[in-house]
Amino acid sequence: MGTPLDEIFDSFYSLIKDTDFYKMEEEDLYKLTKVYYEMSATRFKECKANLELIQDEKGVYYTTDKLTLEEKNIIAQGMIFFWIETKVNYNRLMKNQINTKDWNNLSNANVLLRLTDLLDIYRKNFNRLRKAYTKRYNDFNGFN
C-alpha cells in the first residue's frame with residue numbers, strides 16, 4: 001500500500017493557517033483538501049512514484065506508490081500554491097463586485113497585492129523543488 005493521503009494533508013495543514021477550515025465539516029474539508037492534492041499531483045509530472053489514489057475498504061485514500069519525504073513535501077508545497085491561488089481568485093472576484101472606493105477603504109487592494117506576491121513566491125518554490133527533484137534523477141526536460 002502507498003502513502004496515506006492523511007500524511008500529506010497533515011504536512012499541508014501544518015504549513016498553513018486558515019480559520020475557514022475550522023468552520024467546515026470534516027467531510028467537506030477532506031474533499032476540498034483532496035482537490036488541492038489532485039491539482040498538485042497533476043502538476044508534479046516528474047514524480048517517479050505513481051501519485052494516483054486508491055481507496056481501501058474503510059474508505060481511506062492512499063497513493064498507489066509509497067512516497068519519499070521529498071515527494072510528500074513537493075506535493076504539500078503545490079497544495080499551498082493552489083490554496084493561495086483560490087484566495088487570490090476570490091479577492092479578484094471581490095474587486096469586480098464592489099466599487100473602487102469601497103475596495104480601497106476595505107484594504108482589499110493591499111490584501112490582493114500581498115496574496116499575489118505570496119502566490120508568486122510559492123509558484124517559484126514549487127517549480128524550484130520540482131526542478132531539484134528531477135535534476136537528482138538527471139531527466140529534467142523543463143517546465144510548461
Side-chain angles (χ1 to χ4, degrees), residues 1-99 102-103 105-137 139-144:
M1 186 90 35
T3 301
L5 211 49
D6 287 336
E7 283 184 25
I8 300 166
F9 288 4
D10 289 345
S11 295
F12 170 68
Y13 294 139
S14 69
L15 295 169
I16 66 167
K17 301 295 178 244
D18 191 334
T19 55
D20 291 337
F21 283 173
Y22 298 112
K23 299 174 190 172
M24 297 177 74
E25 296 289 326
E26 192 172 323
E27 184 178 333
D28 293 335
L29 176 60
Y30 191 86
K31 287 178 183 177
L32 176 64
T33 309
K34 186 172 169 269
V35 168
Y36 291 137
Y37 168 83
E38 290 166 346
M39 294 169 74
S40 179
T42 301
R43 288 283 285 276
F44 188 23
K45 294 177 180 152
E46 309 81 17
C47 188
K48 298 296 179 192
N50 186 341
L51 300 176
E52 290 183 37
L53 299 176
I54 53 176
Q55 192 175 20
D56 68 8
E57 62 280 349
K58 295 178 185 175
V60 176
Y61 284 96
Y62 294 84
T63 58
T64 304
D65 294 338
K66 190 78 172 159
L67 303 180
T68 66
L69 185 58
E70 180 182 24
E71 291 164 342
K72 289 188 272 188
N73 180 48
I74 293 170
I75 292 170
Q77 292 295 316
M79 292 171 68
I80 294 169
F81 166 74
F82 288 108
W83 170 71
I84 295 169
E85 187 176 57
T86 60
K87 303 250 180 233
V88 169
N89 291 339
Y90 173 79
N91 277 280
R92 285 183 181 149
L93 181 63
M94 287 297 297
K95 182 178 181 180
N96 295 333
Q97 301 297 319
I98 60 179
N99 65 43
D102 289 339
W103 175 258
N105 285 343
L106 295 172
S107 298
N108 286 334
N110 287 334
V111 170
L112 181 57
L113 179 64
R114 299 296 176 243
L115 280 173
T116 304
D117 290 345
L118 192 60
L119 182 65
D120 191 46
I121 289 167
Y122 272 92
R123 178 185 299 113
K124 288 177 183 174
N125 189 45
F126 184 43
N127 287 337
R128 180 185 57 76
L129 290 170
R130 290 170 44 216
K131 184 177 178 180
Y133 176 87
T134 51
K135 278 188 174 181
R136 226 179 300 320
Y137 295 102
D139 60 359
F140 179 67
N141 294 322
F143 295 107
N144 298 334

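Keep in mind that what you see is a predicted model, and the values were worked out from it rather than measured.
Partners of Phe9 by ring pair (Phe, Tyr, Trp, His ring centres under 6.0 Å), not counting sequence neighbours, listed by chain and number: Tyr30.
Nearest heavy-atom pair, Glu38 versus Thr42, reported as atom, atom and distance to 0.1 Å: O-OG1, 2.6 Å. Taking both residues in full, the closest heavy atoms of Ile8 and Met79 are given as CG2-SD, 3.7 Å, listed atom of the first, atom of the second, then distance.
A donor-acceptor pair is defined here as one N or O able to donate and one able to accept, closer than 3.5 Å; no such pair exists between the side chain of Thr3 and the backbone of Thr63. Side-chain N or O atoms of Ser40 include none that pairs as donor or acceptor with a backbone N or O of Tyr36 at under 3.5 Å.
Taking CG from Leu53 and OH from Tyr62, the interatomic distance works out to 12.0 Å, rounded to the nearest 0.5 Å. To the nearest 0.5 angstrom, Ile75 atom CD1 is 11.5 Å from Leu129 atom CG. Within the model, atoms CG of Leu32 and CE of Met24 stand 5.0 Å from one another, a figure rounded to the nearest 0.5 Å. Here Phe81 contributes atom CZ and Thr86 contributes atom OG1; the two are 10.5 Å apart, rounded to the nearest 0.5 Å. Taken from NZ in Lys131 to CD in Glu46, the straight-line distance is 12.0 Å, to the nearest 0.5 Å. In this structure, OG1 in Thr116 is found 9.5 Å from CZ in Arg123, a value given to the nearest 0.5 Å.
The aromatic rings of Phe126 and Phe82 lie perpendicular to each other, with more than 60° between the two planes, well past the 30° mark.
The distance between the ring centers of Phe44 and Tyr133 falls below 6.0 angstrom.
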Do any side-chain atoms of residues 14-22 form donor-acceptor pairs under 3.5 angstrom with protein atoms, and if so which ones, sequence neighbours left out?
| from | atom 1 | to | atom 2 | distance (Å) |
| --- | --- | --- | --- | --- |
| Ser14 | OG | Asp10 | O | 3.3 |
| Ser14 | OG | Ser11 | O | 2.8 |
| Asp18 | OD1 | Asp20 | N | 2.9 |
| Asp18 | OD2 | Trp83 | NE1 | 2.7 |
| Asp18 | OD2 | Lys87 | NZ | 3.1 |

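Annotation: side chain of Ile84 is in contact with side chain of Ile80 (closest heavy-atom distance under 4.5 Å).
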Derivation of the side-chain contact (heavy atoms from CB on, under 4.5 Å) call for Tyr37 and Leu51: CA-CA 10 Å; Tyr37 168 83; Leu51 300 176; 3.5 Å; yes

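No more than 12 heavy-atom neighbours from other residues, nucleotides or ligands sit within 6.0 angstrom of CD on Glu27.
Pairs engaging residues 59-79 under the salt bridge (charged side-chain N to carboxylate O under 4.0 Å, His left out) rule: Glu7-Lys72, Glu70-Arg136 [sequence neighbours left out].
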